[in-house]
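For this chain, numbers begin at 1 and follow the sequence in order.
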Amino acid sequence: IGESSSQNIAIIIISTDQFKLIDESKGHKTSEILLKLIATRLNETVNHEKSKIARLETDVFIITYSRFKHAEEVKNYALGIELAFKEPFIVHQEKTILTLNMGIAMYPVDGSDAKTLIHHANLALGHAKTLEDNIQFFIQSLPDLATKQIAMETDLKRALIDNQFV
């Protein structure tokens with residue numbers, strides 16, 4: 001993403017809630033099949049004229065979505081992806097329904113380079129995992145919320161170590 005780009009671009013990071021649990025309970029072979037089905041469904045769902053998709057981590061994908069006019073269009077795009085995942089996946093004759101979480105950051109509002117946008121989309125993803133609305137846009141207060149959460153967790157751990165709970 002360069003300064004010469006006048007195009008709006010959204011970075012959408014997607015993860016599933018249950019993948020690690022499925023991997024641990026059903027085994028690696030089942031989770032690998034499921035992962036391929038997830039990738040296929042995402043690939044079938046995204047608008048390839050406006051989007052590119054890649055896998056970041058085990059069950060984490062990144063989509064770049066471009067040529068949109070308003071944030072509402074990005075939200076609707078994300079809702080379309082979420083809707084596609086309401087349909088269960090079938091692995092070894094067993095149905096699995098996955099819940100997606102999505103974090104979204106937009107160029108140029110939320111950052112001017114890919115590293116910053118990915119970081120901000122990741123913060124939004126983390127926030128989405130704590131809420132019932134599992135599609136979240138980056139907002140400027142998210143880094144402060146993350147810092148406060150780390151401080152609170154550290155204080156709680158210290159209190160447990162020091163037997164400060166009755």
Side-chain angles (χ1 to χ4, degrees), residues 1-23 31-91 95-150:
I1 302 170
E3 289 182 27
S4 62
S5 179
S6 61
Q7 187 175 176
N8 290 331
I9 299 170
I11 300 294
I12 305 169
I13 298 182
I14 301 171
S15 75
T16 64
D17 271 343
Q18 303 89 348
F19 190 81
K20 185 176 180 187
L21 183 61
I22 291 167
D23 186 48
S31 64
E32 279 297 312
I33 293 168
L34 182 58
L35 187 59
K36 288 177 184 175
L37 292 172
I38 292 168
T40 299
R41 187 159 309 166
L42 276 173
N43 196 38
E44 291 170 350
T45 304
V46 300
N47 176 338
H48 291 283
E49 291 179 18
K50 293 184 168 191
S51 303
K52 302 287 184 231
I53 184 170
R55 184 173 156 200
L56 278 181
E57 298 172 19
T58 304
D59 68 325
V60 180
F61 295 85
I62 185 169
I63 296 174
T64 58
Y65 179 63
S66 60
R67 298 193 301 261
F68 60 90
K69 292 185 173 126
H70 307 286
E72 192 64 30
E73 188 179 338
V74 178
K75 176 78 171 193
N76 289 335
Y77 184 74
L79 287 169
I81 294 169
E82 181 182 51
L83 182 62
F85 278 74
K86 299 285 185 201
E87 187 72 28
F89 292 90
I90 300 174
V91 179
K95 291 182 181 179
T96 301
I97 297 175
L98 297 174
T99 303
L100 296 183
N101 293 297
M102 294 183 231
I104 303 170
M106 296 190 301
Y107 171 85
V109 177
D110 300 326
S112 60
D113 60 86
K115 184 177 179 181
T116 301
L117 288 168
I118 291 169
H119 176 68
H120 288 170
N122 230 358
L123 285 172
L125 174 64
H127 191 57
K129 290 179 179 184
T130 67
L131 303 171
E132 286 188 34
D133 183 2
N134 49 356
I135 300 172
Q136 291 294 311
F137 285 81
F138 175 78
I139 53 174
Q140 293 299 322
S141 62
L142 284 180
D144 291 337
L145 287 173
T147 301
K148 287 177 184 173
Q149 182 175 349
I150 290 168

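- Considering all non-hydrogen atoms of both residues, Phe137 and Ala71 come closest at CZ-O, 3.7 Å.
- Between Ile63 and Ile81 there is a side-chain heavy-atom pair separated by less than 4.5 Å.
- A distance of 11.5 Å separates OG in Ser31 from CG in Leu21, rounded to the nearest 0.5 Å.
- For residues 37-61, the set of pairs meeting the salt bridge (charged side-chain N to carboxylate O under 4.0 Å, His left out) definition, not counting sequence neighbours, comprises Lys50-Glu73.
- With hydrogens and angles ignored, the 3.5 Å screen pairs no side-chain donor or acceptor of Ser112 with any backbone N or O of Pro108.
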Apply side chain to side chain contact (heavy atoms under 4.5 Å, CB included) to residues Ile11 and Thr64 and explain how you reach the verdict. CA-CA 5 Å; Ile11 300 294; Thr64 58; 3.5 Å; yes
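- By the salt bridge (charged side-chain N to carboxylate O under 4.0 Å, His left out) test, Glu32 is found to be paired with no residue, residues two or more places apart in sequence or in another chain being considered.
- Between Gln18 and the choices Ile97, Leu98, Thr96, Asp23, the side chain to side chain contact (heavy atoms under 4.5 Å, CB included) rule is met once, by Leu98.
- To the nearest 0.5 Å, atoms OG1 (Thr16) and CD1 (Ile14) are separated by 10.5 Å.
- Counting only heavy atoms from C-beta outward, the side chains of Leu123 and His119 approach each other to under 4.5 Å.
- Shortest non-hydrogen contact noted between Gln136 and Ala124 is O-CB, 3.4 Å.
- Between His48 and Asn43, the side chains place a donor N or O and an acceptor N or O closer than 3.5 Å (distance only, hydrogens not considered).
- Minimum interatomic distance between Tyr65 and Ser51 (heavy atoms only, all atoms of both residues): CD1-OG, 3.3 Å.
- Between Ala78 and Met102, the shortest heavy-atom distance links the atoms O-CE, 3.2 Å.
- A 4.5 Å side-chain heavy-atom check between Lys36 and Ile33 finds every atom pair outside the cut-off.
- Between Phe68 and Asn8, the shortest heavy-atom distance links the atoms O-ND2, 3.1 Å.
- Taking 4.5 Å as the limit, some side-chain heavy atom of Val46 sits within range of a side-chain heavy atom of Tyr77.
- Rounding to the nearest 0.5 angstrom, the gap separating the NZ atom in Lys75 from the CG atom in Asp133 is 4.0 Å.
- Residue Ile13 forms a side chain to side chain contact (heavy atoms under 4.5 Å, CB included) with just one option from Ile104, Asn101, Leu125, and that option is Leu125.
- The two residues Leu100 and Glu82 come nearest to each other via the heavy atoms CD1-CA, 4.3 Å.
- Separation of atoms CD (Gln140) and NE2 (His120) is listed at 6.5 Å; rounding is to 0.5 Å.
- Applying the ring pair (Phe, Tyr, Trp, His ring centres under 6.0 Å) test to Phe89 and every residue at least two apart in sequence or in another chain returns Phe85.
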Would you please test Phe19 and Leu35 for side chain to side chain contact (heavy atoms under 4.5 Å, CB included) and show each step? CA-CA 8 Å; Phe19 190 81; Leu35 187 59; 4.1 Å; yes
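- Listed for the Asp110 side chain is a donor-acceptor partner under 3.5 Å among the backbone atoms of Met106.
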